[in-house]
Peer 1: 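This is the structure, below, for whatever I ask next.
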Number of protein chains: 2
Amino acid sequence: MNRFLSNATNKIDAKGRVSVPSVFRTVLSALDIKDLYCFQDFVFPAISIGGPELLDRFERQIASEDPFSPQANEMSLLIHGGGVFTKLDQEGRLMVTDFIRDFTGITKEVTFVGRSDHFQLWEPQAFEAMQAEAREKRRLRGLPLP
Amino acid sequence: MNRFLSNATNKIDAKGRVSVPSVFRTVLSALDIKDLYCFQDFVFPAISIGGPELLDRFERQIASEDPFSPQANEMSLLIHGGGVFTKLDQEGRLMVTDFIRDFTGITKEVTFVGRSDHFQLWEPQAFEAMQAEAREKRRLRGLPLP
DNA sequence: TGGGACCATATGGGCGTCAATGGGAAATGC
DNA sequence: GCATTTCCCATTGACGCCCATATGGTCCCA
């Protein structure tokens with residue numbers, strides 16, 4: 001099952017580290033991902049994390065349009081200026097930097113959220129709220145199950 | 001009869017496990033389902049459980065619309081972020097995690113409810129109430145049975 | 001038809017393994 | 001040289017694997 005699913009909340013320790021859930025680490029090693037590309041999500045107040053091919057995909061999308069267009073410029077600003085590479089330590093933890101804290105509001109705990117080909121870091125309560133909102137919207141729209 | 005029917009209530013043991021009713025396990029093995037996809041139901045305070053093809057169906061629905069649309073994003077937040085894969089232990093029990101408890105209100109007992117191609121986990125009284133309500137609504141509308 | 005053997009299911013619990021977390025020590029960068 | 005990061009090891013608590021027991025039902029045979 002090589003995709004990121006489910007959510008789990010872990011604590012940040014005194015050194016500012018947090019364990020990536022074992023299920024996610026399993027997926028990472030199954031996909032042979034060692035360097036993690038982290039960027040500020042386009043939609044939610046969350047950090048999205050995936051492998052280098054995620055960045056490649058974005059860059060291909062930029063390349064596919066006029067490189068001097070405002071859209072391409074904006075996109076580059078987000079994925080390059082708003083992205084970093086990081087690694088896990090050997091216990092599978094990652095550093096929660098100010099880059100992450102400022103954008104997400106994370107302070108003491110991190111909610112890891114699977115998004116199929118990548119996963120996200122959320123402030124726990126923000127995630128709860130956003131998920132509830134999404135569910136409510138869907139309920140109101142009255143969409144049938146597929 | 002390879003679909004999920006009827007309902008049954010079982011106890012959660014001291015370790016937080018509950019036996020899946022044997023009728024449901026029979027259906028699961030008839031459909032050759034080993035990994036269970038569990039997600040927070042869109043409508044009811046219940047956890048819905050089915051095979052991986054349930055998730056596939058949702059993903060096809062997402063893929064059919066603009067993948068960068070807010071709707072697609074919210075849908076992914078629900079089915080990826082709000083879904084987990086789990087397995088039964090070798091006695092056919094599943095762990096009742098906080099993920100399940102928080103969403104359903106389940107504490108000591110679980111009501112399993114067949115829903116044809118999937119089944120659900122309910123807090124027993126919530127199920128009773130919801131079923132009574134559904135029956136009443138239908139009676140008032142005077143819908144004929146087919 | 002009644003009794004008992006047998007079986008399946010639901011449930012309880014022991015124990016080993018692994019994940020999450022904490023903290024000291026070495027290494028690296030400014 | 002100090003601060004921050006990385007490596008290493010220890011602890012603990014949860015979960016999975018295993019086996020045991022109870023309860024109720026079914027089947028068979030006398």
Side-chain angles (χ1 to χ4, degrees), chain A residues 1 4-30 33-36 38 47 49 84-102 106-114 119-124 127, chain B residues 1 4-30 33-36 38 47 49 84-102 106-114 119-124 127:
Chain A
M1 216 54 60
F4 299 100
L5 282 181
S6 90
N7 66 81
T9 302
N10 286 343
K11 288 180 207 158
I12 299 177
D13 70 15
K15 292 182 181 179
R17 303 169 297 185
V18 65
S19 292
V20 174
S22 142
V23 270
F24 288 4
R25 296 202 310 258
T26 304
V27 177
L28 286 174
S29 65
I33 294 175
K34 301 196 180 68
D35 295 299
L36 301 176
C38 316
I47 296 292
I49 301 183
V84 240
F85 272 103
T86 189
K87 287 185 164 195
L88 300 185
D89 71 12
Q90 92 188 45
E91 281 77 33
R93 294 182 277 202
L94 60 84
M95 283 295 303
V96 183
T97 59
D98 285 342
F99 168 78
I100 295 175
R101 291 174 193 267
D102 293 345
I106 287 170
T107 54
K108 291 161 51 183
E109 292 191 325
V110 180
T111 296
F112 292 80
V113 179
F119 64 92
Q120 299 179 321
L121 311 183
W122 284 73
E123 196 285 316
F127 172 66
Chain B
M1 211 52 61
F4 300 99
L5 285 179
S6 87
N7 67 83
T9 302
N10 286 343
K11 286 180 208 159
I12 299 177
D13 70 16
K15 288 185 176 181
R17 302 168 298 186
V18 65
S19 292
V20 174
S22 143
V23 269
F24 288 3
R25 295 203 310 258
T26 305
V27 177
L28 287 174
S29 65
I33 294 175
K34 301 198 180 66
D35 295 298
L36 302 176
C38 317
I47 297 292
I49 302 184
V84 217
F85 272 103
T86 190
K87 288 185 165 195
L88 300 186
D89 71 12
Q90 96 188 44
E91 283 76 32
R93 295 179 281 199
L94 60 84
M95 282 295 304
V96 183
T97 59
D98 285 342
F99 170 79
I100 295 175
R101 291 174 195 267
D102 293 345
I106 287 171
T107 54
K108 292 160 51 183
E109 292 191 326
V110 180
T111 296
F112 293 80
V113 180
F119 64 93
Q120 297 180 323
L121 311 183
W122 284 74
E123 197 285 316
F127 173 66

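Chain letters run A, B, ... following the sequence lines, proteins first, then strands; residues in each count from 1.
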Peer 1: Calculate the interatomic distance between B:Leu94 atom CG and D:dG16 atom C1'; express it in whole Å.
Peer 2: 14 Å
Peer 1: If only side-chain N and O atoms of A:Gln90 are considered, is one of them under 4.0 Å from the OP1 or OP2 phosphate oxygen of D:dC8?
Peer 2: yes
Peer 1: For residues A:Thr9 and A:Val110, determine if any side-chain heavy atom of one lies less than 4.5 Å from a side-chain heavy atom of the other.
Peer 2: no
Peer 1: Whole angstroms only, please: what is the CG-C1' distance between B:Asp13 and D:dG16?
Peer 2: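 Going from CG in B:Asp13 over to C1' in D:dG16 covers 13 Å.
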Peer 1: To the nearest angstrom, how far is A:Met95 atom CE from D:dT4 atom P?
Peer 2: 10 Å
Peer 1: Could you tell me whether the side chain of B:Glu91 has a donor or acceptor atom within less than 3.5 Å of a complementary atom in the base of D:dC19?
Peer 2: yes
Peer 1: Please check: side-chain N/O of B:Asp89 versus main-chain N/O of B:Gly92, any donor-acceptor pairing under 3.5 Å?
Peer 2: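 Confirmed, B:Asp89 side chain pairs with B:Gly92 backbone.
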Peer 1: Please report, rounded to the nearest Å, how far the C1' atom of D:dT5 is from the CG atom of A:Asp89.
Peer 2: 10 Å
Peer 1: Could you work out, with side-chain hydrogen bond (donor to acceptor under 3.5 Å, both in side chains) as the rule, every residue matching A:Lys15, not counting sequence neighbours?
Peer 2: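 A:Lys15: no side-chain hydrogen bond (donor to acceptor under 3.5 Å, both in side chains) contacts found.
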Peer 1: Could you state the CG-C1' distance from B:Asn10 to D:dG24, rounded to the nearest angstrom?
Peer 2: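 That distance rounds to 14 Å.
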Peer 1: Quick one: ring pair (Phe, Tyr, Trp, His ring centres under 6.0 Å) partners of B:Phe99, sequence neighbours excluded?
Peer 2: none
Peer 1: In whole Å, I'd like the distance from the CZ atom of B:Arg17 to the C1' atom of D:dC19.
Peer 2: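 In whole Å, D:dC19 C1' and B:Arg17 CZ are 12 Å from each other.
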Peer 1: Describe the nucleic acid contact of B:Val23 in one word from base, sugar-phosphate, nothing, applying a heavy-atom distance below 4.0 Å.
Peer 2: nothing
Peer 1: Parallel under 30°, tilted from 30 to 60°, perpendicular over 60°: which one fits the rings of A:Phe24 and A:Phe4?
Peer 2: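 Plane angle over 60°, so perpendicular.
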Peer 1: Please list, in 5' to 3' order, the outermost nucleotides of DNA chain C lying under 4.0 Å from any heavy atom of chain A.
Peer 2: C:dA19 to C:dA25
Peer 1: By the 4.0 Å heavy-atom rule, please label A:Val20 as base, sugar-phosphate, or nothing.
Peer 2: sugar-phosphate
Peer 1: Can you check the A:Asp98 CG to D:dT5 C1' distance for me, whole Å?
Peer 2: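 Rounded to the whole Å, the gap is 15 Å.
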Peer 1: Before you tell me yes or no, could you show the steps for A:Lys108 and A:Ile12 under side-chain contact (heavy atoms from CB on, under 4.5 Å), namely the whole-Å CA-CA distance, both residues' side-chain angles and the distance that decides it to 0.1 Å?
Peer 2: CA-CA 5 Å; A:Lys108 291 161 51 183; A:Ile12 299 177; 5.7 Å; no
Peer 1: If you round to the nearest 0.5 Å, how far is CG of A:Leu94 from CZ of A:Phe112?
Peer 2: 5.0 Å
Peer 1: Provide, to the nearest angstrom, the distance between the CG atom belonging to A:Leu88 and the P atom belonging to D:dC7.
Peer 2: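 After rounding, the gap between these two atoms is 11 Å.
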Peer 1: B:Lys87 near the nucleic acid: base, sugar-phosphate alone, or nothing, with a heavy-atom cut-off under 4.0 Å?
Peer 2: nothing
Peer 1: B:Ser19 near the nucleic acid: base, sugar-phosphate alone, or nothing, with a heavy-atom cut-off under 4.0 Å?
Peer 2: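 It contacts base atoms.
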